[in-house]
Number of protein chains: 2
Amino acid sequence: MNLGRPREFNTAQALEAAMQQFWRAGYEATSLQDLLDVMNLSKSSLYQTYGSKHELFLRSIDFYQQVSANDLQQSLDSSLTSKAFMNGLLEDVISEATSKKKKGCLLVNTVNELSHRDKAVSKAVLNGIDNVAGVIKQAIKRGKKEGAIKSTVSTDTLVNYIVSNVSGLRTMVKSGVDKAELTPLVNMIMKTVY
Amino acid sequence: MNLGRPREFNTAQALEAAMQQFWRAGYEATSLQDLLDVMNLSKSSLYQTYGSKHELFLRSIDFYQQVSANDLQQSLDSSLTSKAFMNGLLEDVISEATSKKKKGCLLVNTVNELSHRDKAVSKAVLNGIDNVAGVIKQAIKRGKKEGAIKSTVSTDTLVNYIVSNVSGLRTMVKSGVDKAELTPLVNMIMKTVY
DNA sequence: GAAAATAAGGACCGTTGAGTCCACAATAGT
DNA sequence: ACTATTGTGGACTCAACGGTCCTTATTTTC
């Protein structure tokens, strides 16, 4: 087995670099040349390994989604309370306001850029959102069990409420609203749930 | 005055068509040819009248923003109460979930697509958001005056709260969440303010 | 009706896009 | 060492991109 010349690059590492590029610039604005530069490989290697720009994008979304959901799950598992977890989540989102980058969330960005006219992309994004929302649902359930959640609203609606606000906050951060303005907003969101 | 051959097209009408196209497909994904098709004019006319694709985009954003802020203002002026206005606003947002189009909001879309790497666009979008937020601020103030708003949170934060949720709802709609799931969410948002 | 002015049509331009292909390099099995 | 197999570099294709420019058409002013 394992015939032929071995690959000179790490496929996971290259995929991560591609993902970062798509995250930074979006799909349309990322040229193949941009990808080759950041992934540090030749055109033929890219096409042989990933098929096309489009397929590479789909894999990038999946990669992002797995990492995100995983990080979130770990954060929840190591949080003392549901409330602490949720506060951390929202703080993380608005902490991006002080950084220079402001990449937002790849899933949210993608929905807004081309989810509506690309079936495969739409599916990948939906799947990613589901996974992330799954962790948030656990957090809400835990909060109810802990008696920390005052709201009588259904778990699913609370999950959507968090998703809506995280997505909204991300857009506001990206549009340049500064952290000082966002902090009281995060406090308010927390108070409406816990 | 008014020398030379008269224009064969209506500039406002053509601009509106361009705006619709950008709204539908975004900036990068809209080609010059797409614009010529929907605006129904020749390349030279477009460049003579609007300068470039980029300038045309800026004017489209401004057009959208003016119409949106105006519509919102009219809606507020003709609403019986602040609460009725806000409820109508949120219902409008999620009503798009049943339609086939799902264009979202041009300002939100633009923030996510290229606001972070195009200074002029960023400025135009920020201006638009300010105008829209201005109307919402009036609505919040009126709600406080009417004694309808229970929340003790500051007006500015409440405005940001609405903006965040409208933006979040729009993204959810665009990603394909259906109306039945969004209605309880809207109810919850309303209850946290009024 | 001539001249000045503006609009419109469309050929044309250079660049860049994604994607293909082929020659060459490097490995594993025999 | 030879062959089969896979990886890599880069020349190449061709269509689409935004944008320019020249010609022709239509109008107003005098």
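Letters go in sequence order (proteins before strands), and every chain restarts at 1.
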Just the atom pairs and distances: protein N or O near nucleotides 19-23 of chain D's N or O, under 3.5 Å.
unit_1	atom_1	unit_2	atom_2	d
D:dG19	OP2	B:Tyr47	OH	2.7
D:dG19	OP2	B:Lys53	N	3.2
D:dG19	O5'	B:Tyr47	OH	3.2
D:dG19	N7	B:Lys43	NZ	3.3
D:dG19	O6	B:Lys43	NZ	2.4

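- Side-chain contact between A:Tyr161 and A:Ser151 is absent, with no heavy atoms from C-beta onward closer than 4.5 Å.
- Atom P of nucleotide C:dC24 and atom CD of A:Glu8 are separated by 18 Å, given to the nearest angstrom.
- When the side-chain nitrogen and oxygen atoms of B:Ser42 are compared with OP1 and OP2 of C:dA8, none of them lie within a distance under 4.0 Å.
- If you take CZ of A:Phe9 and P of C:dT27, they are 15 Å apart, rounded to a whole angstrom.
- With the nearest nucleotide of DNA chain C identified for both B:Gln48 and A:Tyr27, B:Gln48 has the one nearer the 5' end.
- In this structure, A:Tyr50 atom OH and C:dA18 atom C1' are separated by 18 Å, rounded to whole Å.
- The backbone N or O of A:Gln74 lies less than 3.5 Å from a partner atom in the side chain of A:Ser78, making a donor-acceptor pair.
- Atom CG in A:Leu46 sits about 9 Å away from atom P in C:dG19, given to the nearest Å.
- Under the 3.5 Å distance criterion, with hydrogens and angles disregarded, a donor-acceptor pair is assigned to the side chains of A:Ser154 and A:Thr157.
- Taking atom CD of A:Gln33 as the reference point, atom P of C:dG17 lies 8 Å away to the nearest angstrom.
- At D:dA16, none of the side-chain N or O atoms of B:Ser31 fall inside 4.0 Å of OP1 or OP2 (strictly under the cut-off).
- For the pair A:Arg7 CZ and D:dG9 P, the interatomic distance rounds to 13 Å; values are reported in whole Å.
- B:Met188 has its side chain within reach of A:Leu158: a pair of non-hydrogen atoms, C-beta onward, lies under 4.5 Å apart.
- The hydrophobic cluster containing B:Phe9 also contains B:Leu32, counting ILVMFWY residues as joined when their side-chain heavy atoms lie under 4.5 angstrom apart, directly or transitively.
- The CD atom of B:Glu28 sits 14 Å away from the C1' atom of D:dA16 (whole-angstrom rounding).
- Taking atom CG of residue B:Leu35 and atom P of nucleotide D:dA16, one finds them 17 Å apart after rounding to whole Å.
- Every side chain to side chain contact (heavy atoms under 4.5 Å, CB included) that A:Thr81 has, sequence neighbours left out, goes to A:Lys83, A:Ala84, A:Glu146.
- Geometrically, A:Lys53 engages A:Tyr27 in a cation-pi contact defined by less than 6.0 Å to the ring centre and at most 45° from the axis.
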